[in-house]
Number of protein chains: 2
Amino acid sequence: MTDAALHIHPTGHDHAACVGEALEIAETLCVERGARLTPLRRRVLELVWSSHRPVGAYDILGRLDESARKPAPPTVYRALDFLIEHGLVHRIESMNAYLGCNHPEQSHTGQFLICRECGNVTEMDDDDVRQTLRRKAAERGFDARSQTVELVGLCANCKAG
Amino acid sequence: MTDAALHIHPTGHDHAACVGEALEIAETLCVERGARLTPLRRRVLELVWSSHRPVGAYDILGRLDESARKPAPPTVYRALDFLIEHGLVHRIESMNAYLGCNHPEQSHTGQFLICRECGNVTEMDDDDVRQTLRRKAAERGFDARSQTVELVGLCANCKAG
DNA sequence: TATGGCCTGATACAGTGTATCATACTACAT
DNA sequence: ATGTAGTATGATACACTGTATCAGGCCATA
């Protein structure tokens, strides 16, 4: 974990605390559910949380390499699948990349705000939006089961700066 | 164009008319804008419109093969870029695939309803949704410039059937 | 200790997308 | 008609993303 770029984040916050909190939440949640947060899965989650920017599967793969012997792609995808299934990670469809989520309790598919300047992504998770989309789709006879909402633009910091 | 699966569509409508209309609209629009709808671009647009399901770039590539000598990937991607730029085609992010649009006049990024049963995709293009998203993002200090909205679920036909 | 289920390793391959350079086709001006 | 600039296409190579499949290892419980 030497790449400074990994540590870019919105406000000058203590990112180590973010990661720590996320890992702790994950531990707790997995215990509750009887799911196994193995060292590999934990490590992948940690790498996904290395910044507030989505991380590609092959980035993760590359960084796992550094520490021990190199795992193959399926290993990473399986870990990601597990984390996604438990709401600990989101997939950003428009980037084919993955982002940590620190409130996995609510079953949800969030709405994502992707800054085209700094690359940081924040989650909205707004229920009005969710309901509006469900309703609008229903008006057209469509029964929406899952939603992908990703907005690209400028975050507050980058607008100001 | 022998694959019957290509012709699956929502209601038993006359899909040839869909394609014809789309091509005509494209012609008109390109003339208006001084853009060149070359034979290749026209053919790619036609292939995208072969159904109401998103088509992958390499599907297009494969079908271009059938007729003449095989073009390389960049050729297809350039044609798609052109068509997207002019609003004639949308990219469905969650599927890495492309869908024809028959109302390219309004500058828009639509909202898409993807049926997980039949695979057909319809466009909502609802301005309430667009405005709601813009506003909700703005409330968080985010200036949204482009929106990706893709809902997966069951279309009216598949619910009924 | 045996069995079954889950996790991981490993190979191979399929699908998606881009960088780069080369060629051809206009359209327009000389 | 020639040259020139801009655009469109051809072609090669490569990078990134994801999956199918089989094999082995670990661990809990019977």
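Residue numbers begin at 1 in each chain, while the letters A, B, ... track the order of the sequences.
Ring geometry for B/His52 versus B/Trp49: interplanar angle over 60°, hence perpendicular rather than tilted (30 to 60°).
Not one side-chain nitrogen or oxygen of B/Tyr58 sits closer than 4.0 Å to the OP1 or OP2 atom of C/dG15. Distances shown here put every side-chain N or O of B/Thr75 at or beyond 4.0 Å from the OP1 or OP2 atom of D/dA11. Here B/Tyr77 does not reach the OP1 or OP2 of D/dA8: none of its side-chain N or O atoms lies under 4.0 Å away.
Taking every side-chain heavy atom of A/Thr38 into account, C/dT8 is the closest of C/dT8, D/dG18, C/dT16.
What separates CG of A/Asp59 from P of D/dA15 is a distance of 15 Å, to the nearest Å. Atom NZ of B/Lys70 is separated from atom C1' of D/dT9 by 17 Å (rounded to the nearest Å). Taking atom CG on A/Leu37 and atom P on C/dC6, their separation rounds to 17 Å, with Å as the unit.
Of the residues in residues 81-96 of chain A, those with a non-hydrogen atom less than 4.0 angstrom from any atom of DNA chain D are A/Arg91, A/Asn96.
With hydrogens and angles ignored, the 3.5 Å screen pairs a side-chain donor or acceptor of B/Arg130 with a backbone N or O of B/Thr109. Using a distance-only test at 3.5 Å, with no hydrogens or angles considered, a donor-acceptor pair links the side chain of A/Arg41 to the main chain of A/Arg36. Distance alone, capped at 3.5 Å, is enough to place a donor-acceptor pair between the B/Glu150 side chain and the B/Glu93 backbone. A distance-only check finds a donor-acceptor pair linking the side chain of B/Gln111 to the backbone of B/Asp126 [under 3.5 Å].
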Query - Annotated protein contacts, base or backbone, on nucleotides 22-30 of chain D with a non-hydrogen cut-off under 4.0 Å, one of B, S, - each - result: ---------
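Taking for each of A/Tyr98 and B/Pro73 the nucleotide of DNA chain D with the nearest heavy atom, the 5'-most of the two is the partner of B/Pro73.
The side chain to side chain contact (heavy atoms under 4.5 Å, CB included) search around B/Thr28 returns B/Glu32, not counting sequence neighbours.
In the hydrophobic cluster analysis, where Ile, Leu, Val, Met, Phe, Trp and Tyr join through side-chain heavy atoms closer than 4.5 angstrom, A/Val121 is grouped apart from A/Val48.
Taking the six-membered ring for Trp and the full ring otherwise, B/His90 and B/Tyr98 have centroids separated by 6.0 Å or more.
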